[in-house]
Structure formats: structure tokens, C-alpha cells
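As the structure lists them, so they are numbered: ligands from 1, and atoms in each ligand from 1.
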Amino acid sequence: MREVRIGLIGFGNVGREFVRQLLAREHIIAERFRVRFNIAFIADSRGVLYGTPTIRRDLLEKALNVPRGAVSSLKGGVRGESACSAVEKVRPEAVVEVTPSVYDLNTPALENVDVALENGADVVLANKAPLALRYEYFMKRAASLGCRIFFKACVMAGTPLVDFIMYGLRGREIGSLVGILNGTTNYVLGLIEDGLNFREAVKRAVVEGYAEPNYATDLEGIDLAAKASILYSLSMKPISINDVIIENKIDESVEEIVKNARSKRLKVKYVAVLLRNEAPRVKLVTLSEEDIMARVKGVQNCVKIRTLDESEILLMGPGAGRRVTALTLLSDLLLSVHKIWGGGNQAWKK
Ligand code: HSE
């Protein structure tokens, strides 16, 4: 059995679900892959909980029941300790970073990733900010340190689009990609189509837990722009979220747009459009009801990829939700253990 020490940074909805899924699937992972993931520390916004040397199951179960920001109140906790100190002390083989995505160069997530790589850890992300802000920097840094960054949970959380592009389309070039990649706004647009007003629809998306902690990020197209920049960097050339042009936001005015479209038997979708050699765009489009993308409902996501060899490929599946995100993090951890290339790092190697 291969024992793998991991560090978990971020202990909100996704971090907790990740621990639950890890506990629930421990036996399956051991049986099928001969691997056991042992959590050496959990860092939240106020401190760190350490294991001796890893956190036992009963303590993990207790941690799942403490309020947010209180993981360090448990036995083995150090209040005020930073995630970076924990990484330096423990030197885990992999670090799972699931703090909220904040698109600001001062976000602690950037240092968390840097320090993890410097200490020899592979990094598994659900937080989109590090790669949306500094894709090229982190990929080069990882490659030079012999580590890998996995980020399948950042885009289309429950659907392996990143693996599909990274491994499935290896050696082929993507000419264009159009995607419904924000579950919250797709859900909101669907509810407005069903007759709810904008405010009611947003409220419901928040209650369902699809929206970002600061849901303006979803409505203002920032989440979609982050995903567009990550996909553009992965499949075309490295850019930052700041290079993405946001043409529309989702606000009260969409009620009228949806109503007008419906009278013409058209559907309104909020998409990211990536064309090779052009800046990616985030915008509202109207599609005919027959268009397969028009039928993407709720928090489903969908991408239409056109390769330069003229193939059109469609991938559809869950795009948001804590359970699918947690399961995707587990999948990336398994790729890390199995020494599969991550993050397109191959491209950065000399
Ligand atoms: N808020 C995001 C969405 C979560 O609605 O798609 C997944 O990235």
C-alpha cells in the first residue's frame, strides 16, 4: 500500500466535502489503486490542525462538525498558524488548495501554491485564482521544481474537460471553444425563463450552494472569465483573467432579454468564447431552440470544441456542486500519485 501525506488548505464547503468523500471512499481507493491518502494538516482562515503525524479518522470526523474558522480549536490545532508554515513543517507530497477564488494578486492562495511547489509538493486546485492570474508563472515554476499542478476541479467541476484537453487531445490543436461554464448563471437564466424574476432566481442559486461565496463573481462574469483564461492558457497560449473581455453581465436587464428571446423561440445563454489568436470573451448569446447548447439546463455545463483538423466535439456534464468538485479533487490526487503529467507541464520542459 502506498501511503501519501497530503495537506488541505481551505475548510469550507468544498474542503469538508473532500474530507467526507476521502473517508467514504478510503476502502475503494485502497482496493483499486493500492493508495491511502493521509491528511497531515488542515488549514483554515484562522489556524491549522496537525495530525500526529497524520490526522486520525475520529479527529477528521470531529473537524467536520466544528464551525468555520475553528479547526485549530481541536486537539493538535495551532491558532494563528498559516497554511504556508504548515506546508514547510510537514512537507506533504501533495497540497489540495480549495480556499475561495479571489482574483487579486494579494490573495494568499498564490503564496500557498508557491510554497507548496518550493517544498516539493504537487498541487491540486479547486481555487481558480492562481492559474487565472498567473498560469505561465506557476506552470514554469512547477516544471522547474519537478512538481505538477492539477486543476480539473477549476473548470466544469464534475466533468473532466481539463483531462480531455490535456490528454485526450494531446497533439491536436483547438481552433475554437465555446462554453457554458458557469453553473450559477445558467441556473439563474433557466429560472428566469420559467417565470421567476432575477432576484428570486439568484436567491435560489445561492441556497442551492452553486454560487461563489461572493456571488457577484458569478453574475459579473468573473468566474466565467477565470475559466476562459485557464482554458485559453491550457489550449492556446498563456494569458491572465485580465486579458478576457467581459461583454455582458447578468443583472435585472436579462429578464427582458430572456422574454424577447422566448417570443422568437430562442434561448439566452451566457458563454465564454475562445478563438485562437483573439482575446477570449464572456457574453450573452441567443441560440435556436434546436441548438444542443440551448438545451443545457441548470448547473450543467457544456463546451463545443472545434479542432484545427475540423472535428467538432461536444462535452456536457455537471459544472458545479460540492460533491462533484470533491470527487474531481480525488481524481486529480490519484493522477498525482500515478505520476501522470499535470498542468501541461510537458510544454514548459526544455
Ligand atoms: N460558482 C461556480 C459556478 C462554481 O456556478 O459555476 C463552479 O466553479
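- Gly183 N, 2.8 Å is the protein heavy atom nearest to atom 6 (O) of ligand 1.
- For the pair Arg276 (side chain) and Ile174 (backbone), a donor-acceptor distance under 3.5 Å is present.
- Between Lys227 and Asp223 there is a salt bridge, with a side-chain nitrogen of the basic residue lying less than 4.0 Å from a carboxylate oxygen of the acidic one.
- Below 4.0 Å from some heavy atom of Lys227 lie the following atoms of ligand 1, by number and element: 2 (C), 3 (C), 6 (O), 7 (C), 8 (O).
- For residues 169-224, the pairs satisfying ring pair (Phe, Tyr, Trp, His ring centres under 6.0 Å) are Tyr187-Tyr210, with sequence neighbours left out.
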Considering only distance and modelled atom types, tabulate donor-acceptor pairs under 3.5 Å from the side chains of residues 311-321, sequence neighbours left out.
residue	atom	partner	partner atom	Å
Ser311	OG	Arg172	NH2	3.0
Ser311	OG	Asp309	OD1	2.7
Glu312	OE1	Arg306	NH2	2.9

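- For ligand 1, the atoms lying closer than 4.0 Å to a non-hydrogen atom of Tyr210 are 1 (N), 2 (C), 3 (C), 4 (C), 5 (O).
- Side-chain heavy atoms closer than 4.5 Å link hydrophobic residues (I, L, V, M, F, W, Y) into clusters, and following such links, even through other members, never connects Val66 to Tyr50.
- Closest heavy-atom approach to atom 2 (C) of ligand 1 among the candidates Glu208, Met156, Glu212: Glu212.
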**OP:** Go through Asp218 and Thr185 one step at a time and tell me if the side chain to side chain donor-acceptor pair (under 3.5 Å) criterion holds.
**Re:** CA-CA 7 Å; Asp218 293 298; Thr185 50; over 6 Å; no
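- In this structure, Gly319 counts as a contact residue of ligand 1, since one of its heavy atoms falls inside 4.0 Å of the ligand.
- Near Asp218, the atoms of ligand 1 lying under 4.0 angstrom from a non-hydrogen atom of the residue are 1 (N), 2 (C), 3 (C), 5 (O).
- Contacts between Val299 and ligand 1 below 4.0 angstrom, taking non-hydrogen atoms only, are absent altogether.
- Of all protein heavy atoms, the one closest to atom 5 (O) of ligand 1 is Thr184 OG1, 2.5 Å.
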